[in-house]
Amino acid sequence: MPEEAGFPPAKRFRPGAGPPRRAGSCPPGRRVVMLLAAGGGGGGGGRRQQPPLAQPSASPYPEAVELQRRSLPIFQARGQLLAQLRNLDSAVLLGETGSGKTTQIPQYLYEGGIGRQAVIAVTQPRRVAAISLATRVSDEKRTELGKLVGYTVRFDDVTSEDTKIKFLTDGMLLREAISDSLLRKYSCVILDEAHERTIHTDVLFGVVKAAQKRRKELGKLPLKVIVMSATMDVDLFSQYFSGAPVLYLEGRQHPIQIFYTKQPQHDYLHAALVSVFQIHQEAPCSQDILVFLTGQEEIEAMSKTCRDIAKHLPDGCPSMLVLPLYASLPYAQQLRVFQGAPKGCRKVIISTNIAETSITITGIKYVVDTGMVKAKKYNPDSGLEVLAVQRVSKTQAWQRTGRAGREDSGVCYRLYTEDEFEKFEKMTVPEIQRCNLTSVTLQLLAMKVPDVLTFDFMSKPSPDHIQAAIAQLELLGALENKDGQLTLTPIGRKMAAFPLEPKFAKTILLSPKFHCTEEILTIISLLSVDSVLYNPPSRRDEVQAVRKKFISSEGDHITLLNIYRAFKNTGRNKDWCKENFVNSKNMMLVAEVRSQLRDICFKAWQAAARVPASTAGPVPWTARGARGSIATGGGTVLTSGVFSVSRFLPNQMSMPILSSRGDTESVRRCLAHSLFVSTAELQPDGSYATTDTHQPVAIHPSSVLFHCKPACVVYTELLFTNKCYMRDLCVVDAEWLYEAAPDFFRRKLRASRN
DNA sequence: TGAATTTAA
């Protein structure tokens with residue numbers, strides 16, 4: 001293979017769960033039950049007699065579907081699997097990709113009469129997966145989606161009273177746990193893709209374990225927990241669920257050849273380029289290539305280089321279709337990776353880690369793995385989040401490799417040596433140890449977890465890390481400390497009702513005081529969705545020219561508000577989006593988020609009204625001489641005397657959703673009052689430093705304030721990349737900040753010192 | 001003064 005990269009002979013692997021193994025030797029779990037012997041897909045050798053389905057009469061599906069289900073590797077283990085699962089409270093299921101575990105196990109349980117008393121939940125880290133799995137399983141059961149089999153994701157609940165098998169995002173189940181921490185609706189919770197260790201799955205581990213224990217103590221319907229993982233590191237899962245047995249299922253993956261480089265590569269981009277063209281010159285052009293790089297800029301640059309080189313290849317060499325792939329690419333361009341290349345042309349996809357799990361492309365024969373990712377790390381000392389290019393973990397490398405063997409045998413070029421690979425971390429550090437914990441902490445407190453610091457996390461974040469989250473929540477007024485016991489304040493409870501970062505929830509809850517809830521709802525929706533602005537580096541001048549008309553000297557929040565208004569005024573027009581370099585898919589999402597938040601404003605009020613007066617506390621908003629229009633929440637009527645409110649309030653009202661009309665100052669005041677922890681001030685030397693810790697920071701070049709030097713700003717995000725950048729800034733008056741939090745700012749603000 | 005991985009509620 002590529003001479004410069006210097007690949008020695010390949011090794012053969014069956015990917016999915018990791019390196020090759022012999023049946024007897026692994027996996028390393030404690031009580032391992034091998035449910036399916038090797039050779040499942042081969043067809044040769046002694047074919048086992050197929051066990052009949054639970055009730056012969058319960059087979060209403062046409063033969064084709066039935067045959068298809070029976071042909072899955074997992075089917076041969078069905079009887080054993082059910083026998084095991086019937087008697088277990090908890091189990092860990094290690095199933096390679098292609099084993100059929102996610103679609104079949106919920107059906108087996110249901111058909112076997114396990115967990116029929118209530119609902120079987122299957123969680124997924126991603127929305128699309130939850131939806132497509134539910135669709136698939138309801139097809140297999142020949143039922144209408146939303147009847148026996150349904151799904152619940154944000155903005156979309158396709159379930160009914162008949163639903164017994166429910167696919168949902170892990171974030172959604174977590175949200176449900178806030179109002180019912182015992183998960184009473186469910187007889188069984190299957191946590192799928194557990195190896196990905198998303199922050200939501202990790203919190204769910206603890207929630208589900210606690211619910212299981214508590215239900216047992218109370219003599220209620222037992223809760224069965226099944227953890228499903230596609231990688232070998234299941235020991236931790238098993239230990240966490242008091243030594244739950246590990247059931248092992250073999251999958252059906254195609255063999256993949258792996259090449260390592262002979263020498264370490266100091267320039268992985270160059271090595272990737274060489275590899276791509278080497279493959280291109282040698283392999284049949286119907287075989288596509290997938291390259292893993294780290295980010296947009298790198299990918300765009302590499303795409304351009306590839307296209308340039310492809311133009312000047314010798315005769316007889318196939319042509320090349322180069323497609324970049326990353327999350328912020330407009331949806332229409334993302335879709336192109338699924339289309340086949342024209343005849344005589346090879347498809348080369350250059351992607352971020354989005355193609356590791358989120359997007360699956362068929363027909364990939366070759367994977368080129370640079371061994372690098374861009375990922376967030378958390379620095380507990382400074383409390384800063386750092387985004388940096390780093391080495392992948394072994395798990396990630398296997399995941400990438402597996403992308404080559406989905407339909408047929410494949411090849412993976414690893415642009416690092418085998419020795420280097422051996423030094424990679426075994427697993428990716430779980431997200432819960434890598435990011436800000438304020439949201440999680442608020443959610444746990446809303447579930448009335450007695451002590452967040454001792455919460456039974458599978459992989460504990462450091463105490464400093466949790467303490468920092470508690471401190472943030474205290475500053476936001478969400479917490480109070482009653483005799484050493486942390487509890488939520490009434491505002492804190494309302495904050496937990498919003499599917500937002502706590503500081504954004506607080507902003508909304510404060511907005512009535514500034515008569516600008518309409519505007520704040522829009523701004524917060526825009527901030528809580530992926531960027532609606534599309535900035536192709538190659539068309540920078542065009543973008544700048546077009547964006548000029550929206551720009552506000554008051555900062556990014558007001559600018560975003562202008563863009564949303566323009567979008568709305570054009571009737572949510574897609575062509576308008578395209579002309580203005582606005583990501584229409586994200587913009588539509590903003591509108592959905594906004595209406596959800598608006599609903600919650602009404603509900604949060606109603607919920608607060610139900611709390612007895614003694615504990616309700618003062619209501620955070622008062623309607624003094626209303627400017628603008630008042631919207632009422634679907635005829636909400638509150639009984640007077642149920643809660644304590646200021647005497648200025650009328651008897652009958654709901655949370656006032658007012659518009660400040662053209663008054664942007666009150667919007668900025670509102671932001672100052674809720675984001676005061678995140679302020680930075682101009683220093684005498686022209687640089688910026690945060691007010692709180694005097695961390696040197698800079699205005700991000702994407703900000704409309706990049707060329708300006710306002711004295712004082714609040715920002716919504718701080719991220720360390722090349723520098724410590726503030727993103728989404730709003731110009732504020734130092735006086736407003738002082739007014740918002742006099743204790744916090746005493747002797748801190750430059751303005752108050754001078 | 002110069003640039004963002006990804007997912008979810």
Side-chain angles (χ1 to χ4, degrees), chain A residues 123-130 152-157 168-178 193 196-204 292-301 325-329 351-359 372-377 385-390 392 396 428 431 434-435 439-440 442-443 446 495-502 504-505 524-525 528-531 533-537 540 543-544 589 592-593 596-597 600 682 685-688 696-703 705-709 717 719-723 725-728:
Chain A
T123 69
Q124 292 295 318
R126 284 167 292 279
R127 289 167 50 96
V128 272
T152 307
V153 298
R154 190 181 188 181
F155 306 125
D156 216 356
D157 180 12
L168 70 178
T169 44
D170 44 19
M172 203 67 206
L173 186 58
L174 208 51
R175 212 105 290 270
E176 287 186 8
I178 293 181
E193 311 283 11
E196 288 191 25
R197 302 295 304 273
T198 69
I199 195 164
H200 292 145
T201 316
D202 263 34
V203 179
L204 273 179
F292 285 101
L293 298 187
T294 70
Q296 171 174 350
E297 213 184 65
E298 212 174 69
I299 287 168
E300 290 292 354
L325 180 62
Y326 45 86
S328 61
L329 199 67
S351 172
T352 58
N353 47 347
I354 194 171
E356 253 168 42
T357 48
S358 306
I359 293 183
M372 306 305 260
V373 248
K374 202 175 277 187
K376 218 181 235 184
K377 288 187 286 192
E385 294 185 308
V386 181
L387 184 66
V389 171
Q390 51 199 293
V392 296
Q396 260 176 308
T428 314
E431 203 182 354
R434 283 174 17 224
C435 60
S439 278
V440 164
L442 183 68
Q443 285 184 10
M495 282 163 63
F498 288 90
L500 294 172
E501 278 181 54
F504 291 155
I524 296 302
S525 306
S528 64
V529 157
D530 285 335
S531 175
L533 307 178
Y534 175 53
N535 300 311
R540 225 168 61 187
V543 174
Q544 266 183 345
L589 193 58
E592 271 193 285
V593 170
Q596 185 194 20
L597 297 180
I600 294 171
L682 184 64
D685 66 356
S687 70
Y688 283 85
V697 289
I699 299 179
H700 194 274
S702 67
S703 170
L705 298 177
F706 182 58
H707 293 286
C708 313
K709 289 238 180 273
E717 192 188 20
L719 189 62
F720 206 113
T721 51
N722 290 323
K723 270 190 202 168
Y725 282 115
M726 301 180 277
R727 301 239 295 254
D728 297 316

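Chain A is the first sequence line, chain B the second, and so forth, proteins listed ahead of strands; every chain is numbered from 1. Only this structure's heavy atoms are used, side chains among them; waters, hydrogens and symmetry mates stay out. No experiment lies behind these values; they were computed from the predicted model shown.
- Rounded to an integer number of Å, the gap from CG of D728(A) to P of dA3(B) is 17 Å.
- The residue A327(A) sits close only to the backbone: its heavy atoms come under 4.0 Å of sugar-phosphate atoms, none of a base.
- Atom OG1 of residue T294(A) and atom CD1 of residue I299(A) lie 7.0 Å apart, to the nearest 0.5 angstrom.
- One interatomic measurement links the two molecules: CE of M726(A) to P of dT1(B), which rounds to 17 Å at whole-angstrom precision.
- At the heavy-atom level, V153(A) lies under 4.0 Å from the strands shown only through sugar-phosphate atoms.
- Look at CG on D202(A): it is 14 Å from C1' on dA8(B), rounded to the nearest Å.
- Side chain H200(A) to base dT7(B): no donor-acceptor pair is found below 3.5 Å.
- With no hydrogens or angles considered, no side-chain donor-acceptor pair links E196(A) and T357(A) at under 3.5 Å.
- For H700(A), counting side-chain heavy atoms from C-beta on, the closest listed nucleotide (dA4(B), dG2(B), dT1(B)) is dA4(B).
- Listed nucleotides dA9(B), dT6(B), dA3(B) differ in distance to S702(A); the shortest reach to its side chain belongs to dA3(B).
- Contact check, T357(A) against dT7(B): no side-chain N or O comes under 4.0 Å of OP1 or OP2.
- Checked against dA8(B), dT1(B), dG2(B), the side chain of T169(A) finds its nearest nucleotide in dA8(B).
- Residue K376(A) places no side-chain N or O under 4.0 Å from the OP1 or OP2 atom of dA4(B).
- Out of dT6(B), dA3(B), dA9(B), the shortest distance to the side chain of T352(A) is found at dT6(B).
- Place S528(A) and K377(A) on DNA chain B by their nearest nucleotides, and K377(A) ends up nearer the 5' end.
- Contact annotation for R126(A): backbone-only contact, meaning every heavy-atom pair under 4.0 Å involves sugar-phosphate atoms and none involves a base.
- Scanning all heavy atoms of the two residues, the minimum distance from Q596(A) to P499(A) falls at OE1-CG, 3.8 Å.
- Using a 5.5 Å limit on the distance between ring centres and a 30° limit on the angle between planes, the aromatic ring of Y326(A) does not count as stacked on the six-membered base ring of dT5(B).
- Spacing between atom CZ of F504(A) and atom P of dA9(B) amounts to 17 Å, rounded to whole angstrom units.
- When the P atom of dT6(B) is taken as reference, atom CD1 of I359(A) falls 9 Å away, rounded to whole Å.
- T721(A) comes within contact range of the sugar-phosphate backbone alone, with a heavy-atom separation under 4.0 Å but no base atom that close.
- Base contact: R540(A) has a heavy atom under 4.0 Å from a base atom.
- Residues T198(A) and D170(A) have side chains that bring a donor and an acceptor to within less than 3.5 angstrom of each other.
- In this structure, the side chain of K709(A) engages the main chain of G686(A) through a donor-acceptor pair within 3.5 Å.
- The residue L387(A) sits close to a base: some heavy atom pair falls under 4.0 Å.
- The CD1 atom of I299(A) sits 14 Å away from the P atom of dA4(B) (whole-angstrom rounding).
- Using modelled atom types, one side-chain atom of Q390(A) and one backbone atom of A375(A) make a donor-acceptor pair closer than 3.5 Å.
- For dA4(B), its base sits under 3.5 Å from the side chain of R727(A) at one donor and acceptor pair at least.
- Rounded to whole Å, atom C1' of dA9(B) lies 14 Å from atom CG of D156(A).
- Nearest approach of L442(A) to P502(A), heavy atoms of both residues: CD2-CG, 4.0 Å.
- With DNA chain B read from its 5' end, the first of the two nearest nucleotides for I699(A) and N353(A) is the one closest to I699(A).
- Between Q544(A) atom CD and dA3(B) atom C1' there is a gap of 12 Å when expressed in whole angstrom units.
- Contact check, S358(A) against dT7(B): a side-chain N or O comes under 4.0 Å of OP1 or OP2.
- Residue contacts shown for E196(A) are absent, as no nucleic acid heavy atom lies under 4.0 Å away.
- Closest to the side chain of E297(A), from the set dG2(B), dT6(B), dA3(B), is dA3(B).
- The residue S687(A) sits apart from the nucleic acid: no heavy atom pair falls under 4.0 Å.
- When the side-chain nitrogen and oxygen atoms of N722(A) are compared with OP1 and OP2 of dA3(B), one or more of them lie within a distance under 4.0 Å.
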